[in-house]
Number of protein chains: 2
Amino acid sequence: MVRARALDGLRAGELARRVGFPLGSDPVRSKGHIGELIELALGATAGNLDQPDFPTLGVELKTVPVDEAGRVRESTFVCSIDLGALDREEWDTSRVRRKLRCVLWVPVESSRVPLADRRLGTPRLWRPTAAQEATLRADWHDLVGRITSGGIDEVSAHLGEALQIRPKAASGSDRVEAHGPEGEVLDVVPRGFYLRARFTETLLWTVE
Amino acid sequence: MVRARALDGLRAGELARRVGFPLGSDPVRSKGHIGELIELALGATAGNLDQPDFPTLGVELKTVPVDEAGRVRESTFVCSIDLGALDREEWDTSRVRRKLRCVLWVPVESSRVPLADRRLGTPRLWRPTAAQEATLRADWHDLVGRITSGGIDEVSAHLGEALQIRPKAASGSDRVEAHGPEGEVLDVVPRGFYLRARFTETLLWTVE
DNA sequence: ACGGATCCATACCTGGATCCTG
DNA sequence: CAGGATCCAGGTATGGATCCGT
């Protein structure tokens, strides 16, 4: 937390220079760069293993784009969905719950300024309150239940109060195998779980 | 076949020059290069999809290293093994059988001469005879049966008349999950199916 | 001689997220 | 505005095989 708080007010370009991270210049082609920069700066384990970013602490790191007023501008990706194995998952052991057990949120200024000029904000270490976890669990059960009973085509991003399901792919034509309501094999676009921006916003600014 | 026969007598370096393939100079670091060169030269679909190299023909392409006398010098890799899913496979639908349904063998001179100097030989299009398939099927059942009943540690490369199982990994310390005889989870080196050199040799030179 | 060990290329998948049009 | 679409990085798995010590 000491090291995370030291980022407050710093611009991404300055941090990148200090740690030797090659920050891209085109925002479209550098979507994940600031997230990776902060992983590097805080010593998170690089790579995409099935573990928290700080394995010994059990802490997940996430940047969150905010505007000048502190409003969260984007949803937050949580994890991808294995559509073939969903019927064997339970909330208590789900990847969503594990990912969100303990998150270090780092706000990043998000606007049409160059990446390097974007300022980092005050980090916040968060664990779901009982009420927040209840909301997440209810959304998860609803979404997963719909998929297992009616197939992925029953589910759009309109569903879910805090947690939603949206495409997660390099292109809209990417395909993975899924099963329809009758067990048919379908090729569908890969999906992921996301947190709605309005949910993330509440947990960022709630006074404890 | 016309295009494959046109390779006969050509040296790998000459073919590489014609098609613009960057053939390596160190044999240790270029093990798969001649195979990839011939894929390119014959228009095989690049990449490692779960399909034959020539999908519309249903033909698999394999180079086979032979010495001056036409003796096959090495075993031939067939496919990797998913140790977690073996108990749900049957011979008729197995990856081994699919891979070996129809193979275009291209002999390549194998000796301590530079890669670029190695000559390509007369290609042969092969489908297993009833007797060959019976041998492969028997080996497969024996090997797979031992794994599903006693675990992968029961199986060494000594087993199998035509088909054998050997490590298939970048390093001996690579690990994948497998299950022991009592269902325990074990981390073991990844395995693949291979054809013994003596088997490949018979099918290359048998007069029809 | 050959069983176990190893080497390269590349597709796939997950994780880092934000873009952008109706 | 936000649901659907997209972009990069990098680890893993598979496919191309041959190397090499006992």
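Given the structure is predicted, the values throughout are model-derived calculations rather than measurements. What's counted below: heavy atoms across the whole structure, side chains too, no hydrogens, waters or symmetry copies. To find a chain, count down the sequence lines: A is the first, B the second, and so on, and within it residues start at 1.
Look at B:T63 and you'll find a side-chain N or O under 4.0 angstrom from OP1 or OP2 of D:dA17. Between B:R29 and the phosphate of C:dT6, there is no side-chain N or O to OP1/OP2 separation shorter than 4.0 Å. Applying the 4.0 Å criterion to OP1 and OP2 of D:dG15, one finds that B:S80 has a side-chain N or O inside that range. Side-chain N/O atoms of A:S171 include none lying less than 4.0 angstrom from OP1 or OP2 on D:dC7.
Salt-bridge formation is detected for the pair B:R97/B:E133: a Lys NZ or Arg NE/NH1/NH2 atom is positioned less than 4.0 Å from an Asp or Glu carboxylate oxygen. In summary, B:E201 and B:R198 do not engage in a salt bridge, as defined by a charged side-chain N under 4.0 Å from a carboxylate O. A salt bridge is defined here as a Lys NZ or Arg NE, NH1 or NH2 lying under 4.0 Å from an Asp or Glu carboxylate O, and A:R98 with A:E60 fails to meet this definition.
For A:Y194 against C:dA17, a side-chain-to-base donor-acceptor contact under 3.5 Å is present. Residue-to-nucleotide contacts include no donor-acceptor pair under 3.5 Å from the side chain of B:K168 to the base of D:dT14. No hydrogens or angles were tested; on distance alone, a donor-acceptor pair under 3.5 Å links the side chain of B:E74 to the base of D:dC19.
Straight-line distance from the CG atom of B:D174 to the P atom of C:dA5: 11 Å, rounded to whole Å. Residue A:I38 contributes atom CD1, which lies 17 Å from atom P of D:dA9 at whole-angstrom precision. Rounded to whole Å, atom P of D:dA2 lies 13 Å from atom CG of A:D67. Rounded to a whole Å, the CD atom of A:E39 is 6 Å from the P atom of C:dA17. The NZ-C1' distance, from A:K31 to D:dG4, rounds to 11 Å in whole Å. Note: CZ (B:R166) to P (D:dG16) measures 16 Å, nearest angstrom. If you take CG of A:D82 and P of D:dT12, they are 18 Å apart, rounded to a whole angstrom. Rounded to an integer number of Å, the gap from A:K62 NZ to C:dT14 P is 15 Å.
Among the protein residues, A:G35 comes within range of the sugar-phosphate backbone only, with heavy atoms under 4.0 Å from sugar or phosphate atoms but none that close to a base. Residue contacts for B:A197: at a heavy-atom cut-off of 4.0 Å it reaches no nucleic acid atom on any strand shown. Contacts of A:P190 with the nucleic acid, taken as non-hydrogen atoms under 4.0 Å apart, are absent. Across all strands shown, A:R95 has heavy atoms under 4.0 Å from sugar-phosphate atoms exclusively, and none from any base. Residue-level contact check: B:R175 touches neither bases nor backbone, having no heavy atom under 4.0 Å from any strand.
Checking D:dG3, C:dC19, D:dG16 against the side-chain heavy atoms of A:R196 singles out D:dG3 as nearest. For A:P65, taking side-chain heavy atoms from C-beta onward, the closest of the listed nucleotides C:dT18, D:dG3, C:dC20 is C:dT18. Listed nucleotides D:dC8, D:dT18, D:dG15 differ in distance to B:E36; the shortest reach to its side chain belongs to D:dG15. Here the nucleotide nearest the side chain of B:F77, chosen from D:dG4, C:dA5, D:dG15, is D:dG15.
Nucleotides of DNA chain C nearest to A:R118 and A:C79 differ in position, and the one nearer the 5' end is that of A:C79. Residue A:V189 is the one, among A:V189 and B:V78, whose nearest nucleotide of DNA chain D lies closer to the 5' end (criterion: closest heavy atom). Summary of the strand contacts: A:A170 and B:P167 both lie near DNA chain D, and taking for each the nucleotide with the nearest heavy atom, the more 5' one is attributed to A:A170. Nucleotides of DNA chain C nearest to A:V108 and B:A169 differ in position, and the one nearer the 5' end is that of B:A169.
In A:R175, the CZ atom is crowded: over 12 heavy atoms of neighbouring residues, nucleotides or ligands sit closer than 6.0 Å.
Remark: side-chain polar atoms of A:Q164 are paired, donor with acceptor, to backbone N or O of A:A157 under 3.5 angstrom. The backbone N or O of B:G145 lies less than 3.5 Å from a partner atom in the side chain of B:T148, making a donor-acceptor pair.
Only one option out of A:R119, A:R118, A:R73, A:R71 pairs with A:E109 in a salt bridge (charged side-chain N to carboxylate O under 4.0 Å, His left out); it is A:R119.
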